[in-house]
Protein chains: 2
Amino acid sequence: MAVSLKDIARRAGVSQATVSNVVNGYRPVGEATRARVQQAIDELGYTPNLSARHLRRGRTGIIALAIPELNNPYFAELADAAIRAATKRGYTLLLDYTDGDRDKELLVADGFRAQIIDGLILSAVHLNRDDIASRTSETPMVLVGEAIYHAPYDHVVIDNLAASREAMRHLIALGRRRIAFIGAHIEANRAPSLLRLRGYTEALAAAGLPFDPDLTVTTSGFGRGDGAAGMRALLTLAQPPDAVFAFNDLIALGAIRALHDHGLRVPDDVSVIGIDDVEEGRFSIPTLTTISPDKEMIGRLAVEKLLDRIEGRPAGPPAEFQPPFRLVVRESAPAA
Amino acid sequence: MAVSLKDIARRAGVSQATVSNVVNGYRPVGEATRARVQQAIDELGYTPNLSARHLRRGRTGIIALAIPELNNPYFAELADAAIRAATKRGYTLLLDYTDGDRDKELLVADGFRAQIIDGLILSAVHLNRDDIASRTSETPMVLVGEAIYHAPYDHVVIDNLAASREAMRHLIALGRRRIAFIGAHIEANRAPSLLRLRGYTEALAAAGLPFDPDLTVTTSGFGRGDGAAGMRALLTLAQPPDAVFAFNDLIALGAIRALHDHGLRVPDDVSVIGIDDVEEGRFSIPTLTTISPDKEMIGRLAVEKLLDRIEGRPAGPPAEFQPPFRLVVRESAPAA
DNA sequence: CTCGGTCTGTATAACGTTATAGAGCGAAGG
DNA sequence: CCTTCGCTCTATAACGTTATACAGACCGAG
C-alpha cells in the first residue's frame, strides 16, 4: 500500500512524470523506458492512490444511484443492473437512500456528497419539475422513473402510458368490468403515478367502461402493506371490484394477500396485475401477472448517459429514453 | 464548490491552519477568531474537499459491505441497517457484490478497492478459514454470516446451532416426524450451512427421530428457484416429508410454491419453516414461519466493530458476536 | 524582573498524483 | 553549418487538506 509513484520512478531511474505517463498513457513514452517502468511496477506491486489522483484530476470515479429504498426488490434489481454497468465502465457506484422522503431527495439532488461523486442517477418519488429546475449543484444528473418529466436532464423511463393501457387491455379482455387502481398518489406538485393512472382511465374510456372514483385508491407508500390496506378499503365497497391494476408488484402482492384473507380467490373472483416483474411474483401463490420493464436496460442506459455527460462526450440536449416493456401473463390474471 | 480552505482563511484574515482547527476541533481556537472563521464559512458555503482530506489523512471515510447479491431481500435488509449505522458514524458505505462467486470473494477480501476503502465487512459464501488466513491485505475486516468461523477477525453471526434447534423443536412439537432440510451445501472446504445442518440432525436425535439422508437436499444457490427444485426432488421420494426446514426464507418460499404445484397444502399436509424473516414472508400465502435474526443489530454491530479497528480504538482480540434471534410463528407452521 | 509554562496563532512541509513548461538531442531542411 | 522540428524525457508547480515546528503574548511563580 505504501508503494507510490516516486518509488517506481526511483527504481526505474526515471521521473515521476514518466511513470504517470506509462500508467495513464496520456503522452507517449519510449519503448525501452516503458518496459523498465512496467517492470518496476510489477515488481513493487504499485497501484495508484485514488485520493491523490482524484484530488489532482477533480474527479473521483464514483457515481451515485439514489433510490427510495432497497427493500423494494424492484430497486434492488435496478441497482444491480446499474452497478454492473458502472463497474464495466471503470466506475464505482454508490447507493444512496432517500427513504421516499422529500427532504432527503432534495438534499441528494442538491449536492449532498457532491464532493465525493462525479454524477448522480436519481430515482425520485416526491420531487417535481420545479424542485429540479431550482437545483444549484453542478454535478451531472440523470433521472430515472416516473416522478419528473420534462426536466432539463436525461431521463430514462418506460412508456408508462402505454404500459398501463396494455395492462388494462389485458384485464378488460378477460371480461372484467369493475377494475380498481391501487397506488394513486394525487398530491399537489407530485405526480409519480399520474401517467399510470391516466393509462387506467383512458383504457376504461376506450373500452366504454364507466370510471368509478371509488375504485381508485391512494396509498401512502409503495409496499405490500400499502397494497393490502388499499385492497381492504376496496372490499368495504357495496360493489367491490372484479379486478385490480396495481401501481407496482408489491402493492399487487399485498392486495392478493388481503383478498385471500377476505376469502376471495385470485384469479377466480378477482384478477390482479402489477408492474415491475420482481422475482417474487414468479413464485408467489398465485404467480403474478405483470408488466415487465427491461430493468437491465434502464440501469445500463442511465449509467451510460450519465458517463457521457461526466466525460464530456457530445450528448446533445437532454432527452427521454424509453426502454421496452412487455406483458407477462401468469396465474393472477391468466390468458382468457 | 470551488470555495476552499484558503478562501476562508483570506476572508477571515487568519491562517489556513486556524480554519482547519475550527473545522476539525483538533486544537483549541480562541472564541473571537472561531466566530469570525465560522461566519466566513457560512457566508461562502464552504465544505471540505474530501479527496484532499483523505489524501492527507490516509483514510477515505468509505467502508465496503460485500454481499453475495442484492436480490436476496435478507441482504438488502442487512445492507439497509449497515448503511444507516455507517451514515450515523460519519462514514459512507459502499456496496459490493460477489455474486456468490468464489473468485470474486477472494478478490474482495484481498484488497480489491483497498485504495478507496478504509475497511470491509464481508459476507462470504464460499471462503473458508484458510482463504481468510492467507489474506495479504492490511485493510481491517469484519466477517458477517455463516461461512467462516474461528478466523482472526471479528465475526458477527447469530447462534446458528441454537436457531436451528429451535426451528426444529417447533416442527417436532407440531407432531411432524419426517422433516426435510433443504439448502445443505456439503463441499470440500465449504461450510456455510454446516451449523444449521448440525442443528437439524441434533434436534432429530434429541427427539428420538431417525436421520434419513434422503431428506437432506443440497442446493446450488440460496434462491426461490433452488428451494422449489429441492422440494420437487423430495416429492419424488416414496415417503415424502411432512415438514420442511429450509436454510433460509427464499428457499422456504420456493418450497411452498413447489408443494402448491404438487397439490399439497401448507401447513395441512406439510409444515414449512425458514430463517431470515424477510418481509415477503409476512404477506406470502401462507405467511411464513421463520427464525428472525436481529438484522438491524447485525448490521450495526458489524459497522461498529469495523470502525473500532479502523479508528484504532482498543478492541481486544478478534471475537465473535451473537445478535439475538427469535422464532416467529405464522401460517406455514402455526402453533400446535 | 526573569524564567518556565500555557494559550493562540502562523508558516510551511508534507500526502501522491497530474499538467505544464521546458531541456536535450538527433534528424531533416535550408 | 545553423535553424527548426519532433521526440522523449525531466523538473516542478499545483490540487486542498492536515500535522509539525515555531513565534509571540500573557501569566504566575520564584
Side-chain angles (χ1 to χ4, degrees), chain A residues 1-41 44-62 90 113-118 138 311-312, chain B residues 1-41 44-62 90 113-118 138 311-312:
Chain A
M1 207 68 54
V3 43
S4 81
L5 207 72
K6 196 184 293 182
D7 301 325
I8 303 298
R10 194 161 31 220
R11 172 90 160 214
V14 297
S15 76
Q16 299 185 34
T18 300
V19 178
S20 177
N21 282 327
V22 169
V23 173
N24 299 292
Y26 179 66
R27 289 198 353 182
V29 174
E31 203 42 61
T33 43
R34 144 163 284 121
R36 217 170 51 237
V37 169
Q38 190 58 54
Q39 189 187 353
I41 289 178
L44 298 184
Y46 165 73
T47 52
N49 178 309
L50 294 183
S51 291
R53 166 176 289 176
H54 296 148
L55 170 59
R56 187 62 238 241
R57 281 193 182 161
R59 284 205 230 124
T60 62
I62 301 178
R113 264 182 198 148
Q115 291 285 1
I116 219 181
I117 63 172
D118 294 340
E138 294 289 320
E311 294 172 1
Chain B
M1 211 66 55
V3 43
S4 81
L5 207 74
K6 197 183 294 183
D7 301 324
I8 304 296
R10 193 160 32 221
R11 173 91 160 216
V14 297
S15 77
Q16 299 185 32
T18 300
V19 178
S20 177
N21 281 327
V22 169
V23 173
N24 299 293
Y26 179 67
R27 286 198 354 180
V29 174
E31 204 40 64
T33 43
R34 145 163 285 122
R36 217 169 52 236
V37 169
Q38 190 57 54
Q39 189 186 352
I41 289 178
L44 298 184
Y46 165 74
T47 52
N49 178 309
L50 294 183
S51 291
R53 166 175 289 176
H54 297 149
L55 169 59
R56 186 61 240 240
R57 281 191 182 162
R59 288 205 228 120
T60 63
I62 300 178
R113 266 184 194 148
Q115 290 286 1
I116 219 182
I117 62 171
D118 293 341
E138 293 290 319
E311 295 172 0

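On a predicted model such as this, the values are computed, not experimentally measured, just so you know. Chain naming here is simple, since letters A, B, ... match the order of the sequence lines and numbering starts at 1 in each.
- The CG-C1' distance, from B:N49 to D:dA14, rounds to 14 Å in whole Å.
- In this entry the distance linking CG of A:L50 with P of C:dT18 reads 10 Å, nearest Å.
- A:Y46 places its OH atom 10 Å from the P atom of C:dG16, with the value rounded to the nearest Å.
- Applying a 4.0 Å cut-off to non-hydrogen atoms, none of the residues of residues 29-38 of chain A approaches DNA chain C.
- Proximity of B:S4 to the phosphate of D:dG16: no side-chain N or O atom is located under 4.0 Å from OP1 or OP2.
- Within the structure, a side-chain polar atom (N or O) of B:T18 is placed less than 4.0 Å from OP1 or OP2 of C:dT10.
- The distance between atom NZ of B:K6 and atom C1' of D:dT17, rounded to the nearest whole Å, is 11 Å.
- The distance from atom CG of B:L44 to atom P of D:dG16 is 14 Å, rounded to the nearest whole Å.
- Side-chain contact between B:S4 and B:N49 is absent, with no heavy-atom pair separated by less than 4.5 Å.
- Taking the side chain as every heavy atom from C-beta outward, B:D118 and B:R57 never approach each other to under 4.5 Å.
- Look at CD1 on A:I116: it is 17 Å from P on D:dG16, rounded to the nearest Å.
- In this structure, A:H54 atom NE2 and C:dC15 atom P are separated by 20 Å, rounded to whole Å.
- Atom CZ in B:R59 sits about 15 Å away from atom C1' in C:dC15, given to the nearest Å.
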**Complete:** Going 5' to 3' through nucleotides 19-25 of chain C and flagging B where a protein heavy-atom sits under 4.0 Å of the base, S where only the sugar-phosphate is that close, and - otherwise, we get B-BB---
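- Taking 4.0 angstrom as the limit, B:R53 places none of its side-chain polar atoms (N or O) nearer than this to OP1 or OP2 of D:dG16.
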